[in-house]
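Everything below concerns the one structure shown next.
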Amino acid sequence: MKSKQISNAAVYSVQAIVVTAFAAAVAMGSPETRQLIRNELTGSSYVPRVTVTRETPLTIEPLYNEPDVVSDEDLAAVLDKIQPRFWSKGDPTKPLPGLKPNYVEHALRTWWIKAKFEDPEVMSGVALKDYLVDHGKWLTAWAGSTRKTAESLIEDTPDGVSINWGKEEGASVHHDHWLACLTEAGITLDEPVFTPSSRKSVADVLQEALRDFRLDETEIEWSAMAFGFWIAPQKEWMTRSGRTVSFDMLAERLMRGHKRFGVCSGTHRVYSLMVLIRLDDDYHILSPETRELAMDHLRSVRDLITASQFEDGHWPSNWAEGADAITKPADDPLYKKVIATGHHLEWLAIAPKELHPPRELILKASAWVIKTTIEQTDKDIGERYTFFSHVGNALALWRHTHPADFWMKWESNRPAVADAASVGMKNQ
Amino acid sequence: MSTVIEEPPTESLPESRVHDPDISVLTDKVPESLRSPRALAGIVLVLGLVYAFFCSRPIWHTDVWGHLSYGRYIWETQSLPRTEPLLPFAKGMPFIDAPWLSQLIGLAIVSAPRLQLAGLQGLFAILITCCSGMLAWRTYRETRNGWFSLLSLAAFLAIGSIPLTVLRPQLAGLACFIFLLTRLARRTNSARDWVVVPVTFAFWANLHSSFMVGLGLLGCFCLGRAIDVLRRTGSLRAALSDVRAKRLFLLSELAATAVLVNPYTVRLYVESWRISRNENLEDLTEWYPLTFRDSQGQLFVAAAVLLAIVYRLSPRRVRTWELMTLVGFGLATMWSTRMIVWWAPVAALTLAQHTFAIWRAWSHSPLVPAAAPRTGKWTFVTLGLVWIFFMISPFGIAVIHGKHSDTSRSLSSFTPRFAVEYLTKHPPQGPVFNTYEWGDYLQWAGPKGIQLFVNSHAHLIPRDVWLAYMQVIEQRSGWEETLDRYGINTIVVDLANRESLIKKLKEDDKWQSPPAERDGQVIFTRKKPILSGPPKIEATKATDVQTEEINPKPEAH
């Protein structure tokens, strides 16, 4: 049977229908759909940038000024212990050989970029910041190191810049810790970031972190904080996998599973959750239901630490066991006690009173941690700097200040204080 | 008024004529177009048996329940989910619910008080019978021989025997595929194709994402036709201007355009393409490459060898679309087992047609036999058979009498009915770790708001969560800690495949022992639940509680 001919008009009509239909479908589709099509056609994995409307990150102000928790003298004594003496002894223009980024990150989040010190061995906030954002500075500490090191701390990626983290020497230890610490320290979004081969900015690192975020990875504590400080009141964004992540999901993730899990005996999860709640106070990034769940969660933490504090005032690493932590004590080395106690005091300093354990427990905890810190030698502190840095920050927060503000004021007043002390002695 | 009936005038007829049958009585009064050949009744008889068999099959325990759960979500919210809505650990995952229409149809059927589970069984049987019937009828139209029609039917059911055990939206896609195949494989064109083919694709895109396979089939026919013409004429120009090839090309374009008639429009294309690349699917057996060690692989090889022999001997002209589809879908099947469902109908159809050609050549008969006589009698027999098979099936009994058979006979023996019963009586606190195969039924029939770990929509599960699932199910290093990290307080696993895991959980003193267990369904409950919410403990000083055991009462949130 002979087929009926198909006229050119019919052929052109079909082409017109097809082209119009597909063009309309693409044009009327969401930007996300158009991006997906582009990605499939080009083989890329581009994700639109999250709009960040601020140049400097949000901060959370401490809520209390409690000299009973820590006096000026004690705070000064603790802060004196945790100053970042990271300059090389031989050449104070170079960082200590093999200076770990993790130490610098902790120092920076404690002291902030604005910190300045009279002691020439102590790195200023700006120097700490430069060490983290400039590959060249990092290289001065790690070039020639005999230990196995990461190739660099900052790495170029096909569409941005990422921070090398993990167990390698010279890398940051935790995912997004670099970003969270710089954020807490008050970095600006346009701060240049020098990779081994290009100049990027903190904004690029932030975008990369938002894109590559995985809700179910082992640690999300620092990502949650950094994102909250930068993108609130925006509540959600899309990651490279196409998943939509919201602050509600971050809060739920921070509450997921047994409380013993998480970095520093699970205390960072608590701190990050508290940060999200505080941000929610002003920017409403959580749904009411999730906020209430988070508050309930923190109330349960309050009850657990209430039940698990030891007589001398320290909290053990297994605080999440509640009273069992006391009846079946863990064999904690000192630094683990410092971790638990220092970190709990830190989140409590930004928490509303209803989340506090009885006041005497806070006083006991601070007394223990102050005494313990002051008793440490510089060598001890140097080996456990990261944990003790939290103590300094926590105590400063309890005095409604920050370590840098307090210390710079303290240093400038020190001669007067010393004179006054000597006058007092004479009068006696 | 009275009527006087006059007796007709008696004619003097010969005695023999008086006793002759009345020809007008014996004349077939059924309109010509409704008459059927005897073979049709035979084919319908076999199809009736196929229908009866599949109608009595219990409903498989996996996909269908997940699809019904999504259908229920769509119905309750009156909207399509943008992200995965049922699994707590898959929150935020993009969800393109391509088979939304199948899900709603399934939901409507199972929710109809008169139909319930029998409705699903009926739907399953009708779909497979339709697929078989279309193939058989196409073969009959080509061969005019009922036996070879039955050969295509048998080959289809045999090759596709494993994927055809599961009721899922893919079956609707398969019906569309076979409808398209049988329509394209005809010798003649129909003007109705200009409407029928695009409309089929518009439905197909809303029933299942396998419309891509249909577009591939159209492409094979189009390209195949052009190659045929090229081979015959040696002229590329002739191939490109061939009316039939041009027609198929335009039909392909219109079909591709018709696919856009779906809630996701052009994005459906992208997602249908992306889903096959999802890493989680690599852990599922049906996405594995074909292996000759199992029955499916052996069936495939047997069919492929048979096809090779048949093609070698067949005097029938081999059309290029046959080779393209057989090789194309065959390679796809070797790449991923689940593609066998698309290869099966093509293999069955071509096998029957070429076997018939060999038989005709062997018996020195013309390749195209004369049309079989059609009578109204066979139409009635056929309709009678349809009615009988419908009437005696569980589906028919449910429709006609509203009676339903025992639930245990309607559900596969692997369906976690005990687990559902147990969890309904003892609502789980927090997330439940469950075997992948049971997630769908637990979602459908379990307590409302149950927080399951996974279901059979593996592509919607975040990679990290899926890896955690595999870690626990295969008891890889750290699996116990993973359960703690996810706050799992309840575990539902099957004895048949997870015996080793069950043994280890029984030895772990964190879990209640002995666990709840029946019919191979084992449910573990954590002795001291992990709570995300507040435990019910009084805040007391450490000194006061040193000797006091804190036993937090769980509180579900």
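Letters A, B, ... mirror the listed sequences (proteins, then strands); counts begin at 1.
With contacts defined as side-chain heavy-atom distances shorter than 4.5 Å, the pair B:Y486/A:F261 does not qualify. Taking the side chain as every heavy atom from C-beta outward, A:I37 and B:R267 never approach each other to under 4.5 Å. Counting heavy atoms from C-beta outward, B:V266 and A:T33 have side chains that approach closer than 4.5 Å.
With respect to B:K528 and A:D324, a salt bridge is recorded, a charged nitrogen being found less than 4.0 Å from a carboxylate O. Contact check on A:R243 versus B:E84 returns no salt bridge, with no Lys/Arg side-chain nitrogen under 4.0 Å from an Asp/Glu carboxylate oxygen. Checked for salt-bridge contact, A:D248 and B:K91 miss the test: no charged N lies under 4.0 Å from a carboxylate O.
At a 4.5 Å heavy-atom cutoff, the contact between B:T265 and chain A is made by side-chain atoms alone. Contacts between A:V245 and chain B at a heavy-atom distance below 4.5 Å are absent for every atom of the residue. Proximity to chain A (any heavy atom under 4.5 Å) is restricted, for B:R82, to the side chain, taken from C-beta onward. For a residue to count as touching a neighbouring chain, one of its non-hydrogen atoms must lie under 4.5 Å from one of that chain's; by this rule B:A90 touches chain A with the backbone only. In this structure, chain A has no heavy atom under 4.5 Å from any part of B:R526. Proximity to chain B is limited to the side chain of A:E32, based on heavy atoms less than 4.5 angstrom apart. Interface remark: B:L260 contributes side-chain atoms only to the contact with chain A (heavy atom separation under 4.5 Å). Using a 4.5 Å cut-off between heavy atoms, B:R274 touches chain A through its side chain atoms alone.
Closest approach of A:S241 to B:P94, counting heavy atoms only: O-CG, 4.4 Å.
Distance check, rounded to the nearest 0.5 Å: CD of B:E481 to CZ of A:R260 gives 6.0 Å. We find the CH2-CD1 distance between B:W194 and A:I6 to be 4.5 Å, quoted to the nearest 0.5 Å. Here CD1 of B:I488 is found 14.0 Å from NE2 of A:H258. Values are rounded to the nearest 0.5 Å. Distance check: A:T218 OG1 to B:D464 CG gives 7.5 Å after rounding to the nearest 0.5 Å. A distance of 9.5 Å separates CZ of B:F89 from CZ of A:R253, quoted to the nearest 0.5 Å.
Contact tally against chain B (heavy-atom pairs below 4.5 Å) for A:E236, A:R34, A:M28, A:Q15: the top residue is A:Q15. Note: B:L250 leads B:L254, B:V270, B:L250 in heavy-atom pairs under 4.5 Å with chain A.
Summarising the local packing, CZ of B:R317 is surrounded by 12 or fewer heavy atoms from other residues, nucleotides or ligands at distances under 6.0 Å.
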- Please step through salt bridge (Lys or Arg N to Asp or Glu O under 4.0 Å) for the pair A:E217 and B:R463, ending with a clear verdict. CA-CA 10 Å; A:E217 63 184 301; B:R463 184 70 184 148; over 6 Å; no
